[in-house]
Student: 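Here it is, the structure, as structure tokens.
We number each residue from 1, following the sequence as shown. Both ligands and their constituent atoms are indexed starting at 1 by order of listing.
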Amino acid sequence: MRTRFAPSPTGFLHVGGLRTALYSYLVAKQNKGKFLLRIEDTDQERSVPGAIENIVNTLHWAGIHPEEGVMVKNGVVVQEGSHGPYIQSERLELYRKYGEELLKSGNAYHCFCSPERLERMRNDQQARKVAPMYDRHCLSLTPEQVKEKIANGERPVLRMKIPRDEAVALDDEIRGTVVFQGITIDDQVLLKSDGFPTYHLANVVDDHLMDIDMVLRGEEWLSSTPKHLLLFRYLGWKHPRYAHVPLLLNKDRTKLSKRQNDVAAEHYREKGYLPEALVNFLALLGWNPGTTQEIFSLDELIEQFSLERVQKAGAVFDLTKLDWVQGQWMRKIPLAEFAERIRPLVAVKFSQASNDRDFETKAALVQERITFFNEAPEMLSFFYDKPKPTPVLLANEKQKVKQEDLPEILDTVIALCEGVPEKEWKKETLLETVKAKVGEGTWKLGQLLWPMRAALTGLPYSPGAVEVAEALGREESLERLATARSILG
Ligand code: GLU
């Protein structure tokens, strides 16, 4: 099984492109096949310098490593494999050769129509409300007329001759059978007057010469596929299988747009999404695993992905879901590794973090709640900044903590904590101690824990009281409780 990803180097890698690459990669890998990267740069005007490096690097970041085709090694674009070159602008001779063949077999013809004439034709068609299509003005030229025009210095394009009375059927892996009437298909330009091929000719020639077994691409290419099927037939080649993956949609179900969303994969990388999270999220955009599992590693995707479970309907790009998946992947990072990832970030704001021996215990508390690494300094700030609790913050209506009870409550909490010796200063012991007090019947659990937590952190929301107390240590905790008590008079 050989699959490929064939982006045009027009700038960044679109998230939809990354999903297509992922699906192609998964299909190749689960069949022990090969996934290759080809660069479709026949539209030279739209090619952007650095775009190839960008695409390759983003794929790598996502964990998708093509084993053939275009690669970047030591910062330089290289090509590897026996089916190269893999950059279309280096294959122009091949396209010309097959263009010639199509001309000879009568499946293509020269067209000399000027851009002005074509525009007039289109305007006229628009005015008559008919689909814009080449009117075959040049199809009737005799070989002699063509020769003469070329001798006169006119530079023709090569057009494909579509059988207008025929229907072309596609057996799509996702969409089933799709039938296109020849009458609706335009006589596509295959070679431009500058000798460059269009996407259609280059795509077909390359998918054949590169032995591609299955083409996975976005649904937006579906209408091009009958042209490709005809080209395969005209050239006497067996066509690959096709799978057109569903569009990505905005929340309002319009096509995913730059205006409503960021569509560059690298934007998500820069924002701090983990590659595992973005890949996991993209895999689920259109693919339904058929179980309740939602978190998948790349290896699990290779094992479980199947085209039969890819839907036809567009898939909504739901950022809330992406953040949830991201959070799940944050929790999966081993604690020691997580702590070392965030420590330098926290140290920028609080230098004490660099040699804080209890940093891991603190990190554990935020790992449960964090979405992005760069939230860590803020989330951990209460450990390094002394809290400034107020009576309003210490009280809590829902927990039935009245301001007038606070002195008594804090005295109780302080006495309880003082009773826990240093070596037993653990969240479990602390909780047991508080619960034992609750057992006496004067206070409810929340009435003790809420003020304790607020006194320790100075925040309305934070990890729980005993967890924070453990992470702060006995001395610091007692000091903070004493401070809170002192403001109450
Ligand atoms: N160059 C096309 C693109 O940019 C490739 C479409 C295909 O995979 O055939 O998406």
Side-chain angles (χ1 to χ4, degrees), residues 1-28 33-48 51-52 54-56 58-59 64 66 68-70 83 85-92 94-95 98 160 170 172-175 178 180 188-190 192 196-232 235 237 239-248 255-256 258 263-266 282 286 307 310:
M1 168 67 74
R2 287 168 63 83
T3 67
R4 58 27 168 213
F5 179 49
S8 300
T10 53
F12 57 82
L13 178 58
H14 192 284
V15 280
L18 182 55
R19 185 196 50 173
T20 304
L22 172 66
Y23 284 8
S24 295
Y25 177 77
L26 296 176
V27 168
K34 268 197 174 174
F35 169 72
L36 66 91
L37 179 65
R38 175 171 82 220
I39 296 295
E40 301 207 329
D41 61 343
T42 56
D43 193 347
Q44 293 275 297
E45 273 165 32
R46 294 184 60 223
S47 294
V48 170
I52 298 180
N54 193 323
I55 291 168
V56 173
T58 309
L59 288 176
I64 301 172
E68 194 180 315
V70 180
H83 295 63
Y86 296 89
I87 298 180
Q88 289 188 328
S89 57
E90 297 174 23
R91 300 170 62 82
L92 300 180
L94 285 166
Y95 310 132
Y98 291 108
M160 178 179 180
L170 162 71
D172 190 85
E173 302 292 320
I174 295 169
R175 324 187 70 82
V178 190
F180 304 85
Q188 181 64 53
V189 174
L190 297 175
K192 294 179 263 186
F196 266 76
T198 56
Y199 154 70
H200 306 276
L201 178 62
N203 192 268
V204 163
V205 167
D206 289 352
D207 281 342
H208 171 70
L209 295 180
M210 294 179 188
D211 283 330
I212 300 303
D213 296 294
M214 196 191 295
V215 168
L216 288 107
R217 61 184 173 205
E219 190 189 323
E220 64 270 30
W221 299 104
L222 185 63
S223 60
S224 299
T225 307
K227 297 171 189 170
H228 301 180
L229 291 175
L230 286 168
L231 286 172
F232 274 101
L235 290 163
W237 298 335
H239 66 78
R241 286 149 72 192
Y242 287 92
H244 289 88
V245 304
L247 289 180
L248 298 186
K255 191 177 165 186
L256 189 68
K258 244 186 175 174
V263 293
E266 74 195 88
L282 288 176
L307 284 174
V310 175

Student: Are side-chain N/O atoms of H228 and H200 paired as donor and acceptor at under 3.5 Å?
Tutor: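 Note: H228 and H200 side chains meet the donor-acceptor criterion.
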Student: How far apart are the closest heavy atoms of H244 and G218, and which atoms are they?
Tutor: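 Residues H244 and G218, closest heavy atoms: CD2-O, 3.6 Å.
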Student: Would you say the side-chain atoms of S24 and R217 include a donor-acceptor pair closer than 3.5 Å?
Tutor: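 Their side chains do not contain a donor-acceptor pair, so the 3.5 Å distance test is not met.
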Student: To which protein heavy atom is atom 1 (N) of ligand 1 closest, and what is the distance rounded to 0.1 Å?
Tutor: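 It is E40 OE1, 2.6 Å.
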Student: State the atoms of ligand 1, each with its element, that fall below the 4.0 Å cut-off from a heavy-atom position in S8.
Tutor: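 What qualifies from ligand 1 is 1 (N), 4 (O).
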Student: Provide, to 0.1 Å, the distance between atom 3 (C) of ligand 1 and the closest protein heavy atom, together with that atom's residue and name.
Tutor: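 So the nearest neighbour among protein heavy atoms is W221 CZ2, 3.5 Å.
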Student: Hey, do the aromatic rings of Y199 and W221 have their centres closer than 6.0 Å?
Tutor: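 Close enough - the centres of the two rings lie under 6.0 Å apart.
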Student: State whether the shortest distance between N or O atoms of A6 and N or O atoms of ligand 1 falls below 3.5 angstrom.
Tutor: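 Indeed, backbone or side chain, A6 has an N or O that close.
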Student: Would you mind checking if R4 and E68 are paired as a salt bridge, meaning a charged N to carboxylate O distance below 4.0 Å?
Tutor: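 Salt bridge: no.
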Student: For V215, state whether at least one heavy atom is located under 4.0 Å from any atom of ligand 1.
Tutor: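 False for this residue.
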Student: Any salt bridge linking D207 with R38? Criterion: basic side-chain nitrogen under 4.0 Å from a carboxylate oxygen.
Tutor: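 Yes, this pair counts.
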Student: So which heavy atom in the protein is nearest atom 8 (O) of ligand 1, and how far is it from that ligand atom?
Tutor: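 Sorting protein heavy atoms by distance from atom 8 (O) of ligand 1 puts R4 NH1, 2.5 Å first.
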Student: In terms of residue, atom name and distance, what is the protein heavy atom nearest to atom 6 (C) of ligand 1?
Tutor: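 Protein heavy atom at minimum distance: Y199 OH, 3.4 Å.
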Student: If you count the atoms of ligand 1 from 1 in the order shown, which ones are under 4.0 Å from a heavy atom of N203?
Tutor: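 Heavy-atom distances to N203 below 4.0 Å select 7 (C), 9 (O).
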